[in-house]
2 protein chains.
Amino acid sequence: MRKGNETRERILDIAEAGVLAKGFGATSIDEIIAEAGITKSGFFYHFRDKNELARGLLSRYRGRLEQLLDEIFGRAAELSDDPLQRLLIGLTLFAEHMAAMPGGHPGCLVATMSYQDQLFNREVRGMVTSIVEGWNSFFRAMIEAIIVVYPLREPIDAGRLARHIACAIDGGIIMGKSLGDPTVLPEQMLMARNYVKLMFQPAALHALQREAVAA
Amino acid sequence: MRKGNETRERILDIAEAGVLAKGFGATSIDEIIAEAGITKSGFFYHFRDKNELARGLLSRYRGRLEQLLDEIFGRAAELSDDPLQRLLIGLTLFAEHMAAMPGGHPGCLVATMSYQDQLFNREVRGMVTSIVEGWNSFFRAMIEAIIVVYPLREPIDAGRLARHIACAIDGGIIMGKSLGDPTVLPEQMLMARNYVKLMFQPAALHALQREAVAA
DNA sequence: CTGAAAACCGTACCGCAGGTACAGCATTGG
DNA sequence: CCAATGCTGTACCTGCGGTACGGTTTTCAG
């Protein structure tokens, strides 16, 4: 009775590859079942419709990304006690991780679906929204921790800086896809990192520029 | 013989609204012709297939956005001779323009299509790429003009800063769409503006933070 | 070993979408 | 007036998402 879960995972694997490569709408069920070696009935045994497939994909994706973020920023926490350094180190590790992916980042499932959200029902759309909110909260929490330690004369808006990081990443994914250039994403992650650094360490500007040129 | 062009434009108008609201794949030809009051044959008289419709949409979109950018940054050029101020003013005007749009920004045709590029042929995909490259070049040229006047000890990479502006805008559009929050886009445009300011005027950090909080 | 649930297979069918083919009709500028 | 231009109408094809439903195999608990 665990064979069912194996098949379900195989369907999700094949579907995920298809969606990232071609988009959700262009990834047909016929195509998935052909590659999985099952029949249409088999597919609909596991997923009532394509919306449930989308939910399954998003659920897995969220879990994996959460795990990756935990690993990366957990490692950053090992390397420094300072909340600012943790964020900076984490973003660098994140960028390096993306740069190391063979063939570049495969694409963001959430961004893909967000731009095809008309294909889905409210439940799936709600999932997309909540995942994006989760990312924002994640970065926001880190920035708020920095603000506690780095009391500035004027408080900065943690929310918009957190959103900026997420926007830069999403935008980097899109632009990388549009230009066919896998270096754009890690580059823009580092740009976001440098923004954070500038916000909290204005004196470090020139050192930062040296870094940017060297990279 | 100009009636043909009128119909063609009407088709493009209806299609554009549909694509921005629901995505390209979910905007059916049947739906377009119903709203335009023509028949399927009439549609295919103007557009050989959906790819040609996409090309028509992108072509119009590129032209309009070019015009908008010219207007906004032309106005900025009237307001200041300084290349840095021109970019900063232009980005502020741009953000204000987006914020003023009723119901928020309708969405970026290029980003939409970039994430559904599997639906299109190489010609359309090439158009998407070249439009994105055009935006990058636009901002890059402005940044290079700034670098001439603001000679820094260490040169900064104009390309990646230009791409960052475009990424922040695209990311802002996506996040605004995902969260259903039209304020994200103008907010992130101003974040990009502040980044530029920080890169060239590190001393102005605290003034900038005051701005960010006031906004 | 057995029996019932789980995990499928096979077949047939439906509606919608994109697209093709082609004949014909109406308007309009030269 | 006549030839493009700008359509209409009809018929048809393919592929996709999805439904329905009966039959078969696999798996594990008792």
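Residue numbers start from 1 in every chain, and the chains themselves are labelled A, B, ... in the order their sequence lines are given, proteins ahead of strands.
- In summary, B:Arg163 and B:Asp170 do not engage in a salt bridge, as defined by a charged side-chain N under 4.0 Å from a carboxylate O.
- Between B:Tyr45 and D:dG6 there is a side-chain N or O to OP1 or OP2 distance below 4.0 Å.
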Apply side-chain contact (heavy atoms from CB on, under 4.5 Å) to the pair A:His164 and B:His164, showing each step before the final yes or no.
CA-CA 11 Å; A:His164 189 78; B:His164 189 78; 2.8 Å; yes
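- For the contact set between residues 29-40 of chain B and DNA chain C, defined by any heavy atom under 4.0 Å, the members are B:Ile29, B:Asp30, B:Lys40.
- Checking the phosphate oxygens (OP1, OP2) of D:dG6, no side-chain nitrogen or oxygen of B:Thr7 falls inside 4.0 Å.
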Check nucleotides 20-22 of chain D for protein N or O atoms closer than 3.5 Å to its own N or O atoms and list the pairs.
none

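- Taking atom CZ of residue A:Phe47 and atom C1' of nucleotide D:dG17, one finds them 16 Å apart after rounding to whole Å.
- Out of D:dT5, C:dT20, D:dG18, the shortest distance to the side chain of A:Asp49 is found at D:dG18.
- In this model, the phosphate group of C:dC8 is approached by a side-chain N or O of A:His46 to a distance below 4.0 Å at OP1 or OP2.
- In this structure, B:Glu144 pairs ionically with B:Arg140, as a charged nitrogen and a carboxylate oxygen lie closer than 4.0 Å.
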Does the pair B:Phe139 and B:Phe73 meet the rule for a side-chain contact (heavy atoms from CB on, under 4.5 Å), with working shown?
CA-CA 11 Å; B:Phe139 289 119; B:Phe73 286 90; 4.1 Å; yes
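- The stretch residues 35-44 of chain B participates, sequence neighbours left out, in no side-chain hydrogen bond (donor to acceptor under 3.5 Å, both in side chains) pair at all.
- Atom pair B:Arg10:CZ and D:dG6:C1' shows a separation of 12 Å (rounding to whole Å applied).
- Two rings, from B:His97 and B:His105, have their centers 6.0 Å or more apart.
- Atom P of nucleotide D:dG18 and atom CG of A:Asn121 are separated by 10 Å, given to the nearest angstrom.
- Protein atom CZ of A:Arg8 is 15 Å distant from nucleotide atom C1' of C:dA6, rounded to whole Å.
- Following rounding to the nearest Å, B:Phe44 (CZ) and C:dG18 (C1') show an atom-to-atom distance of 6 Å.
- Nearest-nucleotide mapping onto DNA chain C: of B:Lys50 and A:Gly42, the residue sitting toward the 5' end is A:Gly42.
- Atoms OG and NZ, from B:Ser28 and B:Lys50 in turn, are 7.0 Å apart once rounded to the nearest 0.5 Å.
- One can place CD1 of B:Ile11 at 8 Å from P of D:dC7, the figure rounded to the nearest angstrom.
- Atom CG of A:Leu53 is separated from atom P of D:dC16 by 15 Å (rounded to the nearest Å).
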Tell me, with the steps shown, if B:Met175 and B:Gln188 meet side-chain contact (heavy atoms from CB on, under 4.5 Å).
CA-CA 10 Å; B:Met175 187 176 292; B:Gln188 291 304 318; over 6 Å; no
Would A:Asp13 and A:Arg60 count as a salt bridge (charged side-chain N to carboxylate O under 4.0 Å, His left out) here? Give the steps.
CA-CA 10 Å; A:Asp13 285 339; A:Arg60 262 194 0 166; 2.9 Å; yes
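- Nucleotide D:dG9 holds its P atom 18 Å from the CZ atom of B:Phe43, rounded to whole Å.
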